[in-house]
Amino acid sequence: MRIAITNYLKNYPLTLILVAAIWYLSLFTPPQTRLDDIRFIDKWAHFGMYALLTLVFGVEAYRSGRPVSRRLKAAVCLLPALMGGLVELAQAYCTDNRTGDWFDFLANGVGVIIGVVILFVWRRLFLWKK
């Protein structure tokens, strides 16, 4: 168990930092900025966070040295989407200052899909051969 945790910390440091940052930003009161005046800024933020998470996770999976199996590809596609759903459920049922929102979940999912598409194109263009 300890070796597995050490491997995750070694192979996926940026992914784990992004996961922690997304959970923190999602469960606590978001900072107020002038960007709040932009229409749908919340949805764009969700989209960007999950696209970035998927991209970083995919790149770190590639760089981990493990063979890029179907299982690993499925994890890169499904785990960020699953986390997006869990975050929305946690906002709805575990906080008083946040609410779960289907459109946030949709923005999370679209971000994951775009991240996967970018990874696919990157793989094709730069000959990601594992």
Practice problem: With rounding to the nearest 0.5 Å, note down the distance linking CZ in Phe120 to NZ in Lys73. | Solution: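 Interatomic distance, Phe120 CZ to Lys73 NZ, rounded to 0.5 Å: 9.0 Å.
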Can you get from [X] to [Y] by hopping between Ile, Leu, Val, Met, Phe, Trp and Tyr side chains that sit under 4.5 Å apart?
X: Ile22; Y: Leu27; answer: yes
X: Tyr24; Y: Val19; answer: yes
X: Phe105; Y: Leu52; answer: no
X: Leu89; Y: Trp102; answer: no

Quiz prompt | Close side-chain approach of Leu86 and Trp23, heavy atoms under 4.5 Å | solution =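 Yes, close enough: below the 4.5 Å cut-off.
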Quiz prompt | side-chain contact (heavy atoms from CB on, under 4.5 Å) against Ala92, all qualifying residues, sequence neighbours excluded | solution =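 Counting only residues at least two positions away or on another chain, Ala92 forms no side-chain contact (heavy atoms from CB on, under 4.5 Å).
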Side-chain donor-acceptor distances from residues 54-61 under 3.5 Å, at least two apart:
from: Thr54; atom 1: OG1; to: Tyr50; atom 2: O; distance (Å): 2.8
from: Glu60; atom 1: OE1; to: Thr15; atom 2: N; distance (Å): 3.0
from: Glu60; atom 1: OE1; to: Thr15; atom 2: OG1; distance (Å): 2.5
from: Glu60; atom 1: OE2; to: Leu14; atom 2: N; distance (Å): 3.0

Quiz prompt | Passing option when Met83 is tested against Asn108, Val112, Leu53, Leu78 for side chain to side chain contact (heavy atoms under 4.5 Å, CB included) | solution =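 It is Leu53; the other options fail the test.
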Self-check item: Shortest non-hydrogen separation from Pro80 to Ala75 and the atoms involved
Solution: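 Where Pro80 meets Ala75 most closely, the heavy atoms are CD-O, 3.6 Å.
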Practice problem: Looking only at non-hydrogen atoms, find the nearest pair between Phe28 and Arg98 and report the distance. | Solution: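 Smallest interatomic distance, heavy atoms only, reads O-NH1, 2.8 Å.
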Quiz item: What pairs with Asp42 under salt bridge (Lys or Arg N to Asp or Glu O under 4.0 Å), at least two apart in sequence or on another chain?
Solution: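 Partners of Asp42 under the salt bridge (Lys or Arg N to Asp or Glu O under 4.0 Å) test: none.
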Practice problem: Can you spot which of His46, Lys43, Gln91 makes a side-chain hydrogen bond (donor to acceptor under 3.5 Å, both in side chains) with Asp101? | Solution: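 Of the listed options, the one satisfying the test is Lys43.
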Quiz item: Is there a side-chain contact (heavy atoms from CB on, under 4.5 Å) between Trp122 and Leu119 once you walk through the steps?
Solution: CA-CA 5 Å; Trp122 176 66; Leu119 285 170; 4.3 Å; yes
